[in-house]
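I have placed the structure first, in the form of C-alpha cells, so that the comments after it can refer back to it.
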Amino acid sequence: MIELVYSPNWFHGKDIIIDTVSIVVLSLIAFFSIRCYRIDKENKNYLYLAISFIVIAFSFLFSIITNFTIYYKSIETANLGFLTLTYQAMRSTDILFFIGYLMHRILMLSGLFMLYCIYDKHSKSGMFLGLYLILVSTYFSRSAYYIFHLTMLVMLLIITLQYWKNYRKVMNKTSKWLFYGFSLITLSQIVFIFINTNPLLYVAAEIIQLLGYIGLLITFIKVLKDGKKKGKK
Amino acid sequence: MERKRERSDIVLDMLLSIQGRGGRIKPTHLMYKANLAHQQMKAYLEELVGKDFVRKVREKDYEYIIITDTGLKFVEKIAQMKEFERTFGL
C-alpha cells in the first residue's frame with residue numbers, strides 16, 4: 001500500500017511551491033548548459049548535464065501532479081459527499097497519482113544517475129545495470145518509501161563528493177556554493193528517510209531541499225557574474 | 001600533465017589578447033600572445049572575421065586586428081561558459 005500524505009495539513013500546497021522553485025532553478029542551469037553546448041560541441045558534458053537537470057526538473061513536475069491529485073482527492077471527498085461521484089473522482093485521480101508517483105521516482109533516479117555518469121564514466125553494460133537498479137528500487141519503494149530516498153542519498157553523496165573534489169581542485173567561490181547546495185539537497189534526503197516518524201520532519205526536509213536549490217541558484221548567478229567580470233578584464 | 005587547449009579556449013585566448021591590448025593588436029603580436037602557430041592563427045582568424053568577432057584594418061602600412069562589439073559580447077559569453085565548466089567540473 002502506498003502511503004499518500006506525509007505532510008501536515010497546514011503545509012499542503014507549500015511543497016508544490018518548493019517543487020516549482022526547484023524546477024525553475026534546474027531549468028535555468030539546463031538551458032544555460034545547452035547554450036554552452038551550442039558554442040562548444042566538442043564538450044558533450046554540457047549536453048549530459050543539461051539532460052540530467054531537465055530529467056530531474058520533469059521528475060519534480062510529476063511530483064507536483066501527484067501532490068495535486070492527493071490534495072484534489074481530499075477536497076473532493078470533503079465537499080461532495082455523494083458516494084458515486086466521490087468514487088469516480090477517486091478512481092481517476094488514483095490513476096494520475098500512480099503514474100505521477102512512478103514517473104517522479106524513475107525520472108529523479110535516472111536524472112541523478114546521468115549526473116553521476118558525467119563524473120564517473122561507465123561502460124554500456126554498467127549503464128544498463130544502473131538503470132536496472134533504478135527500476136528495482138522504484139518498484140520496492142512502492143511498499144517502503146525510504147528505499148527511494150536511500151537510493152537518492154547514495155547517489156547524491158557520490159555526486160556531492162565529486163563537487164567537493166572539484167572545489168579542492170579549482171578553489172573558487174562558485175564551486176564552493178555548488179558544493180553547499182548539493183550538500184543541503186543530500187542532507188534533505190537523510191531527513192526524508194524518517195518522515196513517517198513525525199510530519200514536521202517532512203516540512204524540515206522540504207525546507208532543507210529548498211535551501212539546497214537556492215544554493216544552486218546562487219551558484220548559477222555567481223557563475224554569470226564572475227564570468228562577465230572576467231570577460232571584461 | 002597540462003590539459004590540451006580546446007577550440008573555445010583558443011578563441012577566448014585570442015579575443016582576450018586583443019581586448020587586453022585596448023581592442024586592437026598586430027597579427028604577429030596576437031600569434032605570440034595567444035601562443036599559436038602561423039597556420040593555426042590564420043585559420044582561427046578567418047573564422048573570427050567570418051563571425052564578425054574581429055575586423056582587419058590597415059593603418060600606416062600596418063595591419064591591425066580590431067575586436068568588434070559582437071566579439072566583446074562573445075568574450076563575455078565564453079568567459080561565463082568557462083566559469084560554468086570550471087564550477088561544475090565538466
Side-chain angles (χ1 to χ4, degrees), chain A residues 28-50 52-53 115 118-120 159-182 216 218-233, chain B residues 1-25 29-30 33-36 40 43-54 65-90:
Chain A
L28 280 174
I29 298 174
F31 287 124
F32 184 79
S33 199
I34 287 173
R35 228 179 73 183
C36 293
Y37 176 67
R38 284 169 71 180
I39 294 173
D40 182 9
K41 289 210 164 101
E42 282 172 28
N43 192 348
K44 292 249 186 304
N45 284 341
Y46 286 126
L47 183 66
Y48 299 146
L49 185 96
S52 63
F53 274 33
L115 192 59
I118 294 175
Y119 304 104
D120 198 355
I159 295 165
T160 308
L161 188 71
Q162 283 296 330
Y163 288 142
W164 168 250
K165 281 184 192 165
N166 186 54
Y167 163 63
R168 300 290 297 167
K169 196 171 125 196
V170 296
M171 289 302 252
N172 68 358
K173 275 187 184 169
T174 48
S175 53
K176 193 156 81 177
W177 272 103
L178 181 68
F179 167 70
Y180 287 155
F182 265 87
L216 278 192
I218 293 171
T219 307
F220 182 60
I221 293 168
K222 280 188 79 60
V223 162
L224 296 184
K225 271 192 173 175
D226 292 358
K228 207 169 186 176
K229 235 186 264 171
K230 279 179 192 166
K232 275 187 177 154
K233 266 181 196 168
Chain B
M1 202 175 85
E2 273 282 303
R3 184 176 72 98
K4 189 173 166 269
R5 272 200 305 174
E6 285 169 16
R7 200 177 175 75
S8 57
D9 291 319
I10 295 171
V11 169
L12 183 64
D13 284 347
M14 286 176 79
L15 293 172
L16 283 175
S17 302
I18 308 169
Q19 199 187 21
R21 283 286 184 110
R24 54 182 237 160
I25 196 170
H29 290 172
L30 178 61
K33 278 230 150 208
N35 202 13
L36 292 169
Q40 240 185 333
Y44 275 105
L45 203 53
E46 287 312 311
E47 193 185 322
L48 293 186
V49 171
K51 285 181 174 163
D52 193 33
F53 292 156
V54 298
I65 295 152
I66 293 175
I67 191 163
T68 62
D69 284 344
T70 322
L72 286 171
K73 274 182 195 151
F74 190 70
V75 169
E76 262 183 37
K77 242 190 227 178
I78 290 214
Q80 284 176 334
M81 192 178 113
K82 290 283 148 197
E83 190 67 23
F84 183 70
E85 187 186 310
R86 235 187 328 268
T87 301
F88 281 83
L90 299 176

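Computed from a prediction, not measured in an experiment: that's the story for all the values here. Per chain, numbering begins at 1; letters A, B, ... match sequence-line order.
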### Task
Please flag which part of A:Ile118 lies under 4.5 Å from any non-hydrogen atom of chain B: side chain, backbone, both or neither.
side chain
### Segment of A:Ser33 engaging chain B (4.5 angstrom heavy-atom cut-off)
both
#### Entry: Engaged part of B:Phe74 at the chain A interface, taking heavy atoms whose separation is under 4.5 Å
side chain
### Message
For A:Tyr48, is the OH atom crowded, meaning more than 12 foreign heavy atoms sit under 6.0 Å from it?
### Response
no
### Summary
Value for CG (A:Asp40) from CG (B:Leu12), rounded to nearest 0.5 Å, stands at 11.5 Å
### Summary
For B:Ala79 and A:Gly227 the tightest heavy-atom approach is CB-O, 3.1 Å
## Note on the structure
Looking only at heavy atoms, the pair that brings A:Phe32 and B:Met81 closest together is CZ-N, 4.3 Å
#### Entry: Closest contact, heavy atoms only, B:Arg86 versus A:Asn166
O-ND2, 2.9 Å
### Message
Would you say that more than 12 heavy atoms from the other residues, nucleotides or ligands in this model lie under 6.0 Å from the OH of A:Tyr37, or not?
### Response
yes
#### Entry: A:Phe179, part contacting chain B, at a heavy-atom distance under 4.5 Å
neither
### Query
If you look at every heavy atom in A:Leu49 and B:Phe88, which pair is closest and at what distance?
CD1-CD2, 4.0 Å
### Message
Please report the interatomic distance NZ(A:Lys229) to CD(B:Glu76), rounded to the nearest 0.5 Å.
### Response
12.5 Å
### Query
Going from CG on B:Leu90 to CG on A:Leu47, what distance comes out if it is rounded to the nearest 0.5 angstrom?
11.0 Å
### Query
Does the side chain of A:Asn45 come under 3.5 Å of the side chain of B:Glu85 through a donor N or O and an acceptor N or O?
no
### Task
Classify the angle between the aromatic ring planes of B:Phe84 and A:Tyr46 as parallel (below 30°), tilted (30 to 60°) or perpendicular (above 60°).
parallel
### Query
In Å, rounded to the nearest 0.5 Å, how long is the span from CD of B:Glu83 to OG1 of A:Thr174?
4.5 Å
